[in-house]
Protein chains: 2
Amino acid sequence: MHHDTRTAIIEAAASLFSDLGYSAVSMRDVANKVGVTPANLYHHFKGKDELIREALAHVFTHKTASLEALLNVNQDADEKLEAFVHWLVHLLAEDKIFCRLLVRELTDGDAGRLEYLSKTVFERPFTLVRSLASTRVRDGEDDFLAAVSIIGVVLGQVQLGAIVRHLPGGCSDHLDPDVITRHVIAALRECFKTTSIKDA
Amino acid sequence: MHHDTRTAIIEAAASLFSDLGYSAVSMRDVANKVGVTPANLYHHFKGKDELIREALAHVFTHKTASLEALLNVNQDADEKLEAFVHWLVHLLAEDKIFCRLLVRELTDGDAGRLEYLSKTVFERPFTLVRSLASTRVRDGEDDFLAAVSIIGVVLGQVQLGAIVRHLPGGCSDHLDPDVITRHVIAALRECFKTTSIKDA
DNA sequence: GTCTATATTCCGATAGAC
DNA sequence: GTCTATCGGAATATAGAC
């Protein structure tokens, strides 16, 4: 399955950490999932903290690479924003390990880990969305907050998906990434349909 | 400080659980924070699971009570929606224990706890927001998803606040609940400014 | 590089005195 | 209702054989 034990450990740890949280997962749990002894983990990593950092790095690094290529194709700003929403919704909906570790870090990460998270995951997409928003927000509006809202509404949709089936009127359609994507794109189109600063 | 030890234990537990997560907090930690012995906790609660459930109930119950009164004053649908956004932003920004436990439950809660969370926290506000949205969304749009997006964008804004200072252009202004409230209200106004179904 | 075996600390939980 | 004392087990981590 894996070329080396070290990678297998990291991927097993990432999966368990995303499901249960760091402190709920023991080194024994990770070792059992890989099929090695707990002592083996301490040959590859100094301790649990290092394993957590390596697992985060493995899951977060290069996550935005596919975004770069995607946005070099579409030229129109509207199309780029819609392509971004599609990309983000599907990323969060389909890579649950990434999504859950992301939320855990936003909630629990210390200053150092949050800065690492910002650089490796958020900085590129955020800068991009902010530049797309800045040409379209109305005077007096904050393009920084607009970018946070665009990313935030997708994040919120995915997180609230956990209780959709318990809310009145909720059905499985509301968990479909394509349905969510279309909804968010339509909402943003309304939100940004005023004359852009560029046209003024 | 507290009338009874039981309440003190519950509040100390809620605070620690929200900061560190359930499994990272031991019964000893809670006991030390209260100033009693660990054995005392087992006189008031059957075990850690019961303490977790009681802490959640203490933090989540009656959280939406203030919303009811608030919305009986304002009559206009626009004003009600804006009052809701103001209420939710300030609730999530100012009651960090509530906010963090909420996110933890959305991420980690089992089916039973998620249903409990839905009923005690989300059902009333969600139904309300959905009814406000349903009169204003355009034909073909889903008022359920619109309500999820309205709640979701606020939740996303608050969660992404953890990394705002690490993002290019971020400053403390973007963490101010009043600034976030104004931004979200302005964005929703754009989003919903098309002719309502009512007017058609 | 992986194992067996173990040291040490901490955990949840209980018994019983006061 | 709160305490002291403690049990059995599980946690992180290490030592050393293979």
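Note on naming: letters A, B, ... go to the chains in the order of the sequence lines (proteins, then strands), and numbering restarts at 1 for each one. The figures here come from the full heavy-atom set of this structure, side chains too, leaving out hydrogens, waters and symmetry mates.
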*asked:* For T5(B) and H44(B), which I'm curious about, is there any donor-acceptor pair between the side chains at under 3.5 Å?
replied: no
*Can you find a side-chain donor-acceptor pair between H90(B) and D95(B) that sits under 3.5 Å?*
no
*Can you tell me how far P of dT4(D) sits from CG of L41(B), to the nearest Å?*
14 Å
*Examine the side chains of T120(B) and T61(B) and answer whether a donor and an acceptor come within less than 3.5 Å of each other.*
no
_If we count only N and O atoms by modelled type, under 3.5 Å, do the side chains of D29(A) and S26(A) hold a donor and an acceptor together?_
yes
*Watson-Crick and G-U pairing of DNA chain D, under 3.5 Å, as dot-bracket with | and [ ]*: ||||||||||||||||||
*NZ/NE/NH1/NH2 to OD/OE distance under 4.0 Å, D108(A) and R104(B)*: yes
*asked:* Across nucleotides 3-17 of chain C, 5' to 3', mark each nucleotide with B, S or - according to how protein heavy atoms within less than 4.0 Å reach it.
replied: BB------BBBBB--
*Answer yes or no: is there a side-chain heavy-atom contact under 4.5 Å between L102(B) and F60(B)?*
yes
_Measure NE2/H43(B) against C1'/dT4(D) and give the value in whole Å, please._
16 Å
*Hey, does V103(A) have a side-chain heavy atom less than 4.5 Å from the side chain of V158(A)?*
no
_Would you say that Y42(B) contacts M27(B) through its side chain, given a criterion of any heavy-atom pair below 4.5 Å between the two side chains?_
yes
